[in-house]
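See below for the structure under consideration.
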Amino acid sequence: MERTKIADLRQHIGEKVKVQGFLQTLRDQKKMQFLILRDLSGLVQVAFWKANDPALAEKISATPTESVVSVTGTVVDNPIVKLGGLEIQLETYEVIGPAEAPIPLDPTAEALPSIDYRLDWRFLDMRRPPVTLLFKVQTTAEAAFREYWLKHDFIEIHSPKLMGSPSESGAELFEVQYFETKAYLAQSPQFYKQMAMAAGFERVFEIGPVFRADPSFTSRHMTEFTGIDMEISYIESHEDVMRFLENMLQYVYQRVKDAHDEEIKQHFGVDLRVPSVPFPRITMAQALEILKEVGYQIPPEKKGDIDPGGERALADYIKRTYDHDFFYLIDWPISVRPFYHMRHADQPHLTKSFDLIANGTEIVTGAQREHRYEILRQQAIEKGLSIQSIQFYLDFFRYGCPPHGGFGLGLSRLLMVMLNLPNIREAVFLFRGPNRLHP
RNA sequence: GGGGGCGUGGUGUAGUGGUUAACAUGCGGCCCUGUCAAGGCCGAGACCGCGGGUUCGAAUCCCGUCGCUCCCGCCA
């Protein structure tokens with residue numbers, strides 16, 4: 001007999017069905033037993049009159065909650081049942097995956113354990129409907145990204161995550177043993193997607209793992225995360241990249257809203273707003289003025305840069321002024337940007353770059369890249385990089401390379417912002433941080 | 001790496017100098033006209049992270065240590 005999803009039971013009134021899932025609750029009374037079964041699609045009540053088969057009733061009584069059970073029975077419409085107005089009248093019952101009792105983390109408990117404990121028992125934590133919903137949303141979002149790229153003639157790439165030499169300066173790299181030598185885990189597909197531009201691919205995207213050896217202890221950092229990267233050729237400025245990104249994000253939000261609007265309201269209390277385009281754009285210079293105006297003090301050591309508190313203050317200002325959850329912070333000074341960002345021809349101290357701030361959290365960094373070999377080389381020297389170690393990269397620009405730009409977006413950060421989660425650890429399947437390598 | 005906060009039954013909390021360390025939930029047992037966040041009764045379960053100190057007396061104050069967490073730096 002084929003398994004029926006709980007969500008589809010309404011279409012099977014009067015029929016005999018088989019449902020399989022977790023035994024969420026057992027209300028064991030003198031004459032009757034009520035079982036609440038949960039599968040990925042929902043909950044259903046199963047009713048059993050003990051007198052029908054005392055031995056079976058005994059078996060049911062002895063089943064610990066969260067065991068996986070298989071039930072067959074007849075679906076009956078019953079308005080008295082608060083759970084969906086229907087129930088299954090049990091005929092056969094089998095425990096196909098018994099649970100031990102007590103369970104270390106009860107997925108149905110109203111009081112949530114601490115995040116650390118939840119991560120220890122993540123597979124139990126993930127039985128909670130809000131968590132499964134998060135991964136449904138992630139799936140929808142990733143599919144929407146892909147749809148959007150495919151509609152726009154993108155090529156998907158998978159760049160290596162093992163690298164022979166430390167590439168960009170700054171970001172810390174994980175070192176791994178590689179036979180007789182050392183390798184490094186890629187902290188970004190940056191160089192490789194630019195390589196694809198030099199290869200004439202014109203438009204590429206990659207969704208893949210990114211590794212950062214930064215000992216960051218915040219609610220929005222991980223040492224391993226999924227990066228959503230893209231790069232496009234024949235642009236005129238970073239504005240072209242921003243325009244593409246905002247349209248794509250609007251598309252992604254719309255797809256997520258279409259698919260999960262009600263559930264997101266129910267489980268996260270979020271009324272998903274599809275962002276309007278264009279997003280507000282604030283230059284760094286304007287940002288500093290705004291912060292001055294609203295009385296936000298930037299720490300003095302942050303020359304030309306804005307700290308997270310400043311980003312949140314700006315986000316508040318944008319929200320008040322434009323009623324927008326997103327904004328671009330553009331034209332960053334060269335001092336806080338990597339060597340490969342292109343600079344403004346008329347303002348050589350400013351890069352043609354942007355960050356996307358969503359609800360006060362930085363979720364994207366992008367720029368037009370410098371594709372002119374000599375200038376790029378010069379900028380690398382200026383930043384104190386070893387030309388030798390990045391010569392393979394500089395070579396991309398020696399034999400004809402179209403002007404191009406792109407961005408990197410953190411998938412979990414996007415989900416965190418979208419679903420208004422307090423911590424990125426809730427927005428990822430398994431968190432990896434400085435002190436967390438298990439499970 | 002710097003700073004703040006927290007660490008009490010399985011879990012979530014209360015208790016801030018003297019209590020048999022409390023409550024909820026979960027767990028075990030019994031009871032119960034179809035229950036539905038089911039309900040009722042009974043029971044087991046914490047030497048209060050660990051080490052030291054102050055005190056007649058410490059979960060409570062101090063020091064150290066470990067763990068977690070948040071913020072900053074760094075970034076997606």
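Here is the naming used below: chain letters follow the sequence lines, and residue numbers restart at 1 for every chain. Computed from a predicted model, the values in this text were never measured in an experiment.
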Check if the side chain of [X] and the base of [N] share a donor-acceptor pair of N or O atoms closer than 3.5 Å.
X        : N      : value
A/Gln45  : B/rU35 : yes
A/Ser219 : B/rC70 : no
A/Gln29  : B/rG34 : no

Side-chain donor-acceptor contact under 3.5 Å, [X] with [Y]:
X        : Y        : answer
A/Thr74  : A/Glu15  : no
A/Glu246 : A/Gln250 : no
A/Thr108 : A/Asp106 : yes

Say you pick atom [atom1] in [N] and the same atom in [M]; how far apart are they, in whole Å?
N      : M      : atom1 : result
B/rC75 : B/rC61 : P     : 40 Å
B/rG45 : B/rC23 : P     : 15 Å
B/rC50 : B/rG7  : C1'   : 11 Å
B/rC41 : B/rA14 : C1'   : 25 Å
B/rG9  : B/rG51 : C1'   : 23 Å
B/rA37 : B/rG49 : C1'   : 34 Å

* To do: Would you please determine if the base of B/rG34 is stacked by A/Phe34, with stacking meaning a centroid separation under 5.5 angstrom and planes under 30 degrees?
  =>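 Aromatic stack with B/rG34 absent for A/Phe34.
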Can you tell me the Watson-Crick or wobble partner of [N], both distances under 3.5 angstrom?
N      : answer
B/rC68 : B/rG5
B/rG51 : B/rC63
B/rG39 : B/rC31

Do the side-chain N or O atoms of [X] get closer than 4.0 angstrom to the phosphate oxygens (OP1, OP2) of [N]?
X        : N      : value
A/Arg413 : B/rC75 : no
A/Arg220 : B/rC72 : yes
A/Asn78  : B/rG34 : no
A/Arg312 : B/rC71 : no
A/Lys82  : B/rC36 : no
A/Ser114 : B/rC68 : no

* When all nucleic acid strands are considered with a 4.0 Å heavy-atom cut-off, which category describes A/Phe407: base, sugar-phosphate, or nothing? ->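 A/Phe407: no heavy atom of the nucleic acid under 4.0 Å.
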* Which residue lies more 5' along RNA chain B, comparing A/Asp28 with A/Ala111 via nearest heavy atoms ->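 Checking each residue's closest nucleotide, the 5'-ward one belongs to A/Ala111.
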* To do: For A/Ile80, look at atom CD1 and say whether over 12 heavy atoms of other residues, nucleotides or ligands are found less than 6.0 Å away.
  =>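 Open: at most 12 neighbouring heavy atoms sit under 6.0 Å from CD1 of A/Ile80.
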* What orientation do A/Tyr393 and A/Tyr340 show, parallel under 30°, tilted 30 to 60°, or perpendicular over 60°? ->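 Plane angle over 60°, so perpendicular.
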